[in-house]
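Have a look at the structure below, then the notes.
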Amino acid sequence: MSNASSARQLGDEVHRSIFWHKICRMTARGKIAKVGFETEEFKAFDDVAVVYATPKSNGAGGWYDEDHSQVKFSMTGEKTLTDESLTDPKFINATSVSLLERLQQAVVKAEAENRRCLFRLWSPWSIEPGSVLAAIVDKTDGSLRIKQLLAGRTVGSRTGKVRKIWADCLGIDMNDATEFRRILTPLRIEQDVRTYERIRDDLSMELATAGYRPIDECQRSDSYSTLIQKLSAEGVIWFDRDCSIKYCMSENLWIGTPANQDTDAKHLGIRSYTRFADTLEDHVDEILCVSQFFDDRWIAETSLWSGEVLPRLSTFLSEQLKSGQEYRFSLATHGSVAFAAGYFAEPKLGARFAIEQRGPRGTQLWKPNDSIQDDRPHGLSEKLIEIRTEGEELALAVSISQPLAQDVESFVRAELPGVRQLLHCAVEKTGQDVLLDGQHAFDCARQIIGLITSLRNELGVTGRIHLFWAAPNAFVFFLGQLSRGLGVVNLYEFDFERTHGGSYSPSLVLSPDMRLN
């Protein structure tokens, strides 16, 4: 088989996987009314379509009921999205009409039919660094920051030059802000960097969660891919929940009872960023979204941590958490939010919590098991670093996913004059799969809390404790649960993308008097 044929076949497999991903979302929560495959309703945006049961906010003051996607995939990561890609017909394997023109046609058609739609480009390709496109694609939801595109008034400006190219392609004036907003507001550019194998593994997990039979890893063929291929050839392109279950039952692909799902647990979602989490509300019973206060992974203003994020989290958990109940958390959040969620979900509440944790082994459900005494060695080493000879405060750094001692020490010495000692706790070899499960994570968190408590008692310090970590969110949640005995704690976020100085910045301050209402 030629490389071109292999690439096309792989692209088709990914296309079908994305379709089944939408089917799982529809089946699991019922917030999607129907899913379409190769619908041909909007040219260039006809690979996968979703019609929602209730309207969804488009993030720009409007609503949408439908989502139509073009799915792109390639065998290598060589391709990039440039400022010219949207105007180049070759980008979508066409000869005369570009993606931008197809978008314009789709918007006109949707308006004529009184339909509220989003149009999505799904691809694994990165956006060219330093391009105007890279500056205007919002990493939270893939929308275009049209205000930034309109900033330059002349062709001599960076944005003006790109806007002129786009305007000529669309047949509009380069300074027609109304038309640019009309055409570009429904567009979403979704970058998914997962490999085909990871997409397939994630789909297998989603199928099991939704009640379908997981993909058989021992078989070369994929029953789900074959099924939609045959149904499409028969002219069946739209599927509601009952329809998809019926066809899967006929192929022995429907189990009926979602695998590994605690049916008694209420499923709560918390989201502070939307990358890989823009559909979280379809999987949970209730959701808190605070992503509007962030610019990608960075808080828009530092004051929003205490002024908006923390109060909203406290209110949400006060409304949802009840003593004696069981809960399942999906945490698409910054570590500070995961810690605060655990802090409010304190053991005295008398509820039980399980955390969905994504990692190299797929999505797993992490929860402590009180009936098991875990005798596994936790592999934690501790190192005490003297910052200065006086001071009433301590700092704690936890290296699990990756080492952070050097960055934390530099920050503490420069920015935290009240800290006397820094305690660094680390696993022997950092990585995303070091912690094996929920019990392992909980036991490590408990050991670390014991170490910092003993150090404070030994030194006789009474001030606040500054916390830093590189660890899975499930571990951070458990660490928050166990931290009420530490007194006042200050939390920090690291600038991983190196866009705001490449260091730490303060996030939340928590104290033992903060409790749920």
Side-chain angles (χ1 to χ4, degrees), residues 24-25 27-31 205-206 208-211 256-272 277 279-290 309-358 363-374 435 437-446 449 472-485 508 510-517:
C24 290
R25 286 175 53 198
T27 307
R29 289 292 163 185
K31 296 182 181 181
M205 179 72 70
E206 291 170 346
T209 302
T257 301
N260 300 320
Q261 184 161 313
D262 191 342
T263 54
D264 294 329
K266 188 172 185 178
H267 196 170
L268 303 178
I270 303 176
R271 180 173 62 198
S272 59
T279 61
L280 182 59
E281 57 265 42
D282 296 332
H283 299 278
V284 300
D285 298 314
E286 302 290 342
I287 186 171
L288 169 69
C289 182
V290 292
V309 176
L310 188 61
R312 288 173 185 250
L313 177 64
S314 176
T315 299
F316 175 74
L317 295 178
S318 293
E319 293 172 350
Q320 300 300 328
L321 301 187
K322 307 298 178 185
S323 178
Q325 301 299 307
E326 295 187 16
Y327 298 93
R328 177 175 180 165
F329 272 108
S330 293
L331 300 174
T333 67
H334 297 70
S336 297
V337 180
F339 184 97
Y343 196 82
F344 284 123
E346 57 182 304
K348 287 184 179 180
L349 184 63
R352 296 179 64 85
F353 301 96
I355 315 300
E356 285 187 352
Q357 181 60 55
R358 291 185 177 184
T363 301
Q364 298 179 320
L365 202 59
W366 283 15
K367 58 182 177 180
N369 190 337
D370 293 335
S371 65
I372 296 177
Q373 179 62 43
D374 192 350
L435 299 181
D437 51 35
Q439 186 64 47
H440 192 197
F442 187 84
D443 286 339
C444 285
R446 182 162 48 193
I449 293 299
N473 267 355
F475 165 85
V476 176
F477 178 93
F478 298 142
L479 190 69
Q481 275 193 302
L482 301 173
S483 292
R484 283 196 166 269
L508 297 174
L510 303 173
S511 60
D513 61 328
M514 295 179 176
R515 283 193 158 86
L516 300 181
N517 297 326

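- Between the side chain of Q481 and the backbone N or O of A345, at least one donor-acceptor pair lies under 3.5 Å.
- Proximity of a side-chain donor or acceptor of Q357 to a complementary backbone N or O of W366 within less than 3.5 Å is not detected.
- Contact record, T333 with N473: O-ND2, 3.0 Å, taken as the closest heavy-atom pair.
- Evaluation of the side chain to side chain donor-acceptor pair (under 3.5 Å) rule for E286 yields no partner, not counting sequence neighbours.
- Taking 4.5 Å as the limit, some side-chain heavy atom of R484 sits within range of a side-chain heavy atom of R515.
- Proximity of Y327 to K322: side-chain heavy atoms (C-beta onward) are separated by under 4.5 Å at one or more points.
- Here the CZ-CZ distance, from R328 to F353, works out to 15.0 Å after rounding to the nearest 0.5 Å.
- Side-chain N or O atoms of K31 include one that pairs as donor or acceptor with a backbone N or O of V284 at under 3.5 Å.
- Residues L482 and F442 meet the side-chain proximity criterion, which asks for heavy atoms closer than 4.5 Å.
- Judged as a side chain to side chain donor-acceptor pair (under 3.5 Å), and not counting sequence neighbours, the contacts of S511 are D513.
- If you take CG on L310 and CZ on F344, they are separated by 4.5 Å, rounding to the nearest 0.5 Å.
- Between V337 and V309, some side-chain heavy-atom pair lies under the 4.5 Å cut-off.
- Put simply, the side chain of F339 does not reach to within 4.5 Å of the side chain of L508, judged on heavy atoms.
- Looking at every heavy atom in both residues, A441 comes nearest to F478 through CB-CD1, 4.0 Å.
- In terms of heavy atoms, H267 sits closest to S330 at NE2-OG, 2.7 Å.
- Across all non-hydrogen atoms, the minimal contact from P512 to Y343 is N-OH, 3.2 Å.
- Residue A340 comes nearest to L313 through the heavy atom pair CB-CD2, 3.5 Å, listed as atom of the first residue, atom of the second, then distance.
- At a threshold of 4.5 Å between non-hydrogen side-chain atoms, the residues Q364 and D437 do not count as touching.
- Between the CZ atom of F477 and the CZ atom of F329 there is a distance of 5.0 Å, given to the nearest 0.5 Å.
- Here the shortest heavy-atom pairing between R352 and P368 reads NH2-O, 4.0 Å.
- A side-chain donor from one of K266 and Q320 sits under 3.5 Å from a side-chain acceptor of the other.
- With sequence neighbours excluded, the residues satisfying side chain to side chain donor-acceptor pair (under 3.5 Å) with E206 are H21.
- Of the candidates L435, L479, I449, C444 forms a side-chain contact (heavy atoms from CB on, under 4.5 Å) with just one, namely L435.
- Note that CE of M205 is 12.0 Å distant from SG of C24, once rounded to the nearest 0.5 Å.
- In this structure, the side chains of E356 and L365 come closer than 4.5 Å at one or more pairs of heavy atoms.
- A heavy-atom distance below 4.5 Å is found between the side chains of L321 and L268.
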